[in-house]
Chemist: 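Let me give you the structure first, and then I'll get to my questions.
Here is how names work: the chains are called A, B, and so on, in the same order as the sequence lines, proteins then strands, and each is numbered from 1.
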Amino acid sequence: MLDPRALATQKDEIVESCRKRRVEVDLEQAMGLHERTAALQTDLNEANRQRNEHQTAGKRKLEPAEREAHSLEGRRLKEACAAIEAELETVRGDLNAAMRSFPNLIHPDVPEGGEDDFRELRRWGTPPDFGFAALDHVELAQKLDLIDFEGGARVAGQKFYYLKNEAALLELALQRFALDFLIEDGFTPFITPDLARPEVLDGIGFNPRGPETQVYSIANADLCLIGTSEITLGGLYADSILEESDLPLKLAGVSHCFRTEAGSAGRESKGLYRVHQFSKVEMFAFTQPEDSQIMHEHLLGLEEKIFQALEIPYRIIDVASGDLGAPAYRKYDVEAWMPGRGDAGEFGEVTSTSNCTDYQARRLRVRFKRKEAKQTELVHMLNGTAIAVSRAIIALLENHQRADGSVAIPTALRPYLGREVILPR
RNA sequence: GGAGAGGUGGCCGAGUGGUUGAAGGCGGCGGUCUUGAAAACCGCUAGGCGUUCACGCGCCUCGAGGGUUCGAAUCCCUCCCUCUCCGCCA
């Protein structure tokens with residue numbers, strides 16, 4: 001959420017961000033509501049002050065008749081306060097609703113446009129030249145008996161799956177590999193809840209309800225299945241004041257991720273690419289405002305190192321304004337080369353890192369205090385994927401397949417998987 | 001699931017109707033002492049909102065919401081959460 005006060009002080013920036021993101025907002029209406037809440041707050045303060053004064057006057061002993069008159073006046077003042085309060089609450093609600101429609105500000109370098117207007121920043125690695133007809137991960141998994149899609153569909157429905165044999169081990173190996181890597185960088189490892197309260201989802205910027213929601217809700221509890229541990233990691237310090245010396249705070253979270261994928265029918269979604277459940281190691285960082293851009297680059301760097309260690313070619317894209325999502329100030333995706341995608345291989349998103357500046361922190365009230373400062377400040381919050389297991393498996397299988405039908409395991413992963421190759425059985 | 005206890009400031013913890021936004025402690029900040037540090041001692045230290053160029057002034061907040069009262073952290077109701085014991089269970 002944006003600061004309503006920014007509507008006036010950063011008006012041009014807000015308008016520009018909304019234009020670039022192709023989001024329609026009514027800034028004048030929101031400003032009007034904010035001015036109205038301020039005016040009502042002032043009125044309420046004055047009414048309360050009068051009431052307090054009156055109460056203080058009633059502390060001394062009063063004659064019965066005096067007491068009666070005093071009580072009468074007290075009741076009148078109370079009603080006056082209540083009337084203003086009721087109106088303030090209504091206007092506040094409207095303002096809040098209006099503010100929710102405003103996305104975050106936007107980094108000046110973000111390319112303008114929609115999903116296809118990203119800027120490619122760099123590439124690493126060379127797509128493999130197999131010299132044989134490359135298989136996609138679905139075919140590979142079938143030949144190697146690694147994934148049971150039919151079983152998943154029978155038990156849980158379309159877009160569910162069983163990982164089996166080396167794929168099951170691969171899930172654990174990838175998680176542990178990523179965790180060790182992040183711990184080395186100073187992250188604290190977490191295994192988070194897979195469910196969270198709707199308010200937390202909301203604070204992070206996920207819409208738990210509505211027809212287009214990506215979120216599963218639990219029928220008999222006020223809980224949602226998380227789509228990413230960004231939610232549980234980001235929510236961990238809701239309503240708290242961090243010490244300046246605590247920052248930057250780097251958390252690595254392992255969780256299952258659940259997504260309804262409503263409205264994504266027909267999009268490229270073969271096999272493991274777009275599924276209802278997967279596991280993920282997520283990075284999350286809380287920083288001081290002036291450090292968030294450096295941290296964002298750092299998170300991207302970690303994502304790159306992970307895929308370099310996995311020996312998977314990739315490219316980095318600077319996601320375009322229209323595809324950012326409301327909380328993100330800037331977002332980078334790592335797209336891995338997937339030889340089985342499309343006719344002759346294509347890049348497919350495997351990780352994503354966003355700098356959400358103070359947009360999430362404002363609603364979650366995550367603050368910090370500088371030494372000698374009177375007031376607290378909002379922290380900046382950033383997230384990034386270390387490993388999304390299902391998509392990492394796609395990239396691994398497809399890039400490291402060999403002519404004999406086996407799949408080579410990159411050196412860095414061998415100690416974690418306990419084998420050097422996956423052989424046909 | 002059953003029974004009980006409890007939710008107070010960054011943290012711990014007093015406080016049962018009126019100068020209590022809240023004792024005390026810890027932590028933090030500043031100072032005295034010291035070559036320096038520690039210890040000891042002294043002082044300061046909640047968050048948020050409105051208003052103001054600013055100093056400041058005012059308002060709100062003791063889990064949340066409602067009620068009683070001129071007046072509520074304190075009494076009543078509802079809800080949420082946490083802890084302990086029992087049951088069940090990986």
Chemist: Is the shortest side-chain N/O distance from A/Thr42 to OP1 or OP2 of B/G50 below 4.0 Å?
Modeler: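 False: A/Thr42 side-chain N/O out of range (4.0 Å or more) of B/G50 OP1/OP2.
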Chemist: Whole angstrom is fine here: how far is it from CG in A/Leu242 over to P in B/G28?
Modeler: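 Rounded to whole Å, this separation is 17 Å.
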Chemist: Provide, to the nearest angstrom, the distance between the CD atom belonging to A/Glu85 and the C1' atom belonging to B/C59.
Modeler: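 For the pair A/Glu85 CD and B/C59 C1', the rounded distance is 11 Å.
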Chemist: Looking only at atom C1', what distance separates B/C81 and B/A14, rounded to whole Å?
Modeler: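 Their C1' atoms lie roughly 23 Å apart.
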Chemist: Is the A/Tyr332 ring parallel, tilted or perpendicular to the A/His296 ring (thresholds 30°, 60°)?
Modeler: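 The rings of A/Tyr332 and A/His296 lie parallel, inter-plane angle below 30°.
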Chemist: Please determine, for the side chain of A/Ile241, which listed nucleotide (B/G50, B/C70, B/G10) has the closest atom?
Modeler: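 Nucleotide nearest to A/Ile241's side chain: B/G10.
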Chemist: Could you tell me how far B/C76 sits from B/G21 if I compare only their C1' atoms? Round to whole Å.
Modeler: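 Their C1' atoms lie roughly 24 Å apart.
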Chemist: May I ask you to decide whether A/Arg75 forms a salt bridge with A/Glu79, counting only side-chain N to carboxylate O separations under 4.0 Å?
Modeler: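 Result for this pair is no, no salt bridge flagged.
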Chemist: For the pair made of CD in A/Gln41 and C1' in B/U51, what is the distance, rounded to whole Å?
Modeler: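 Taking atom C1' of B/U51 as the reference, CD of A/Gln41 is at 11 Å.
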Chemist: Between A/Arg49 and B/C60, does any side-chain N or O lie under 4.0 Å from OP1 or OP2?
Modeler: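 The answer is no; no side-chain N or O of A/Arg49 sits under 4.0 Å from OP1 or OP2.
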Chemist: Whole-Å distance between B/C59 P and A/Leu88 CG?
Modeler: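 Rounded to whole Å, this separation is 16 Å.
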Chemist: To the nearest angstrom, how far is A/Ile84 atom CD1 from B/C60 atom C1'?
Modeler: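 Distance check: A/Ile84 CD1 to B/C60 C1' gives 14 Å.
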Chemist: Examine B/G50: is either OP1 or OP2 under 4.0 Å from a nitrogen or oxygen in the side chain of A/Arg5? Give yes or no.
Modeler: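 True: A/Arg5 side-chain N/O within range (under 4.0 Å) of B/G50 OP1/OP2.
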Chemist: Whole angstrom is fine here: how far is it from CD in A/Glu73 over to C1' in B/G71?
Modeler: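 In whole Å, B/G71 C1' and A/Glu73 CD are 14 Å from each other.
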Chemist: Is there a Watson-Crick or G-U wobble partner for B/A46 with both distances under 3.5 Å, and which nucleotide is it?
Modeler: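 Base partner found: B/U61.
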Chemist: When you get a sec, tell me which of B/C81, B/C49, B/C70 is the closest nucleotide to the side chain of A/His54?
Modeler: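 In terms of side-chain proximity for A/His54, the closest of B/C81, B/C49, B/C70 is B/C70.
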Chemist: Report yes or no: is the cationic atom of A/Arg391 (NZ for Lys, CZ for Arg) closer than 6.0 Å to the six-membered ring centre of A/Tyr273, at no more than 45° off its axis?
Modeler: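 That pair qualifies as a cation-pi contact.
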Chemist: What distance, rounded to whole Å, do you find between the two P atoms, one in B/G15 and one in B/C75?
Modeler: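 Here B/G15 and B/C75 have their P atoms 12 Å from each other.
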Chemist: Using 4.0 Å as the upper bound for N to carboxylate O, is an ion pair formed by A/Asp202 and A/Arg100?
Modeler: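 A salt bridge links A/Arg100 with A/Asp202.
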Chemist: Distance-only criterion, 3.5 Å: show the donor-acceptor pairs between side-chain atoms of residues 84-92 of chain A and protein atoms not counting sequence neighbours.
Modeler:
| residue | atom | partner | partner atom | Å |
| --- | --- | --- | --- | --- |
| A/Glu87 | OE2 | A/Arg36 | NH2 | 2.5 |
| A/Thr90 | OG1 | A/Ala86 | O | 3.1 |
| A/Arg92 | NH2 | A/Gln41 | OE1 | 2.7 |

Chemist: Both distances under 3.5 Å, Watson-Crick or G-U wobble: report the partner of B/U68, or none.
Modeler: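 Here B/U68 is not engaged in any pair, so there is no nucleotide opposite it.
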Chemist: In plain terms, say whether A/Arg341 and A/Glu398 are close enough for a salt bridge, that is, a side-chain N and a carboxylate O under 4.0 Å apart.
Modeler: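 No salt bridge links A/Arg341 with A/Glu398.
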Chemist: For atom C1', what is the distance between B/C79 and B/G25, given to the nearest Å?
Modeler: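 So the two C1' atoms sit 34 Å from each other.
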Chemist: Which label fits A/Tyr161 and A/Phe149: parallel for a plane angle under 30°, tilted from 30 to 60°, or perpendicular past 60°?
Modeler: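 Tilted, since the angle between the ring planes falls between 30° and 60°.
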Chemist: If you only use heavy atoms from C-beta on, which nucleotide in B/C70, B/G48, B/C49 is closest to the side chain of A/Thr376?
Modeler: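 The listed nucleotide nearest to A/Thr376's side chain is B/G48.
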Chemist: Using Watson-Crick or G-U wobble geometry with both distances under 3.5 Å, which nucleotide pairs with B/G4?
Modeler: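 Pair assignment: B/G4 / B/C83.
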Chemist: Can you find a heavy atom in the side chain of A/Glu230 that is under 4.5 Å from one in the side chain of A/Phe284?
Modeler: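 A/Glu230 vs A/Phe284: side chains touch.
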Chemist: How do A/Thr37 and A/Leu44 order along RNA chain B: which one's closest nucleotide is nearer the 5' end?
Modeler: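 In this pair, the answer is A/Thr37.
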Chemist: With rounding to the closest Å, how many angstrom separate the C1' atoms on B/U52 and B/G58?
Modeler: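 Taking atom C1' in both B/U52 and B/G58, they lie 11 Å apart.
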Chemist: Whom does B/C41 pair with, Watson-Crick or G-U wobble, provided both distances fall under 3.5 Å?
Modeler: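 Its partner is B/G31.
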Chemist: Do the charged groups of A/Arg419 and A/Glu166 touch, with an N to O distance under 4.0 Å?
Modeler: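 Yes, A/Arg419 and A/Glu166 are salt-bridged.
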Chemist: For A/Arg197, report the nucleic acid contact type (base, sugar-phosphate, nothing); a contact means any heavy atom under 4.0 Å.
Modeler: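 Counting heavy atoms under 4.0 Å across all strands, the contact made by A/Arg197 is with sugar-phosphate only.
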Chemist: Could you let me know what B/C26 is paired to, Watson-Crick or G-U wobble, both distances under 3.5 Å, or none if it's on its own?
Modeler: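 Partner of B/C26: B/G10.
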Chemist: For B/U16, which nucleotide in any strand shown is its Watson-Crick or wobble partner with both distances under 3.5 Å?
Modeler: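 B/U16 is paired with nothing.
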Chemist: With rounding to whole Å, what would you report as the distance between B/A64 and B/C80 at their C1' atoms?
Modeler: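 Here B/A64 and B/C80 have their C1' atoms 7 Å from each other.
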Chemist: Would you say a side-chain N or O of A/Arg367 is under 4.0 Å from OP1 or OP2 of B/G47?
Modeler: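 No, because none of the side-chain N or O atoms of A/Arg367 sits under 4.0 Å from OP1 or OP2 of B/G47.
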Chemist: Could you please name the option among B/C49, B/G47, B/C70 that lies closest to any side-chain atom of A/Asn45?
Modeler: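 Closest nucleotide among those given: B/C49.
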Chemist: With a 3.5 angstrom cut-off on both distances, give the Watson-Crick or G-U wobble partner of B/U51, or none if there isn't one.
Modeler: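 Across all strands, the one nucleotide that pairs with B/U51 is B/G56.
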Chemist: Provide the distance between the two C1' atoms, one in B/G17 and one in B/A22, to the nearest whole Å.
Modeler: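 Approximately 15 Å lies between the C1' atom of B/G17 and that of B/A22.
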Chemist: Find out whether A/Leu396 and A/Leu310 are in side-chain contact, i.e. whether some heavy atom of one side chain is under 4.5 Å from a heavy atom of the other.
Modeler: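 Yes, close enough: below the 4.5 Å cut-off.
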Chemist: Identify which nucleotide among B/G50, B/C70, B/C81 has an atom closest to any side-chain atom of A/Gln55, counting heavy atoms from C-beta outward.
Modeler: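 Shortest atom-to-atom distance from the side chain points to B/C70.
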Chemist: Do the side-chain N or O atoms of A/Lys369 get closer than 4.0 angstrom to the phosphate oxygens (OP1, OP2) of B/G28?
Modeler: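 For B/G28, OP1/OP2 do not have a side-chain N/O of A/Lys369 under 4.0 Å.
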Chemist: When every nucleotide of nucleotides 52-57 of chain B is labelled 5' to 3' by its protein contacts under 4.0 Å (heavy atoms), B for base, S for sugar-phosphate only, - for none, what sequence of letters results?
Modeler: ------
Chemist: Mind calculating the distance between CD (A/Glu53) and C1' (B/U19) to the nearest angstrom?
Modeler: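 One finds 15 Å between C1' of B/U19 and CD of A/Glu53, rounded.
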Chemist: Using a cut-off of less than 4.0 Å, is there contact between a side-chain N or O of A/Asn48 and OP1 or OP2 of B/G50?
Modeler: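 Result: no.
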Chemist: Given the P atoms of B/C83 and B/C12, what is the spacing between them in whole Å?
Modeler: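 Between the two P atoms, the distance is 14 Å.
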Chemist: Take atom CG of A/Asp3 and atom P of B/G48, then tell me their distance rounded to the nearest Å.
Modeler: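 Value for this atom pair: 12 Å.
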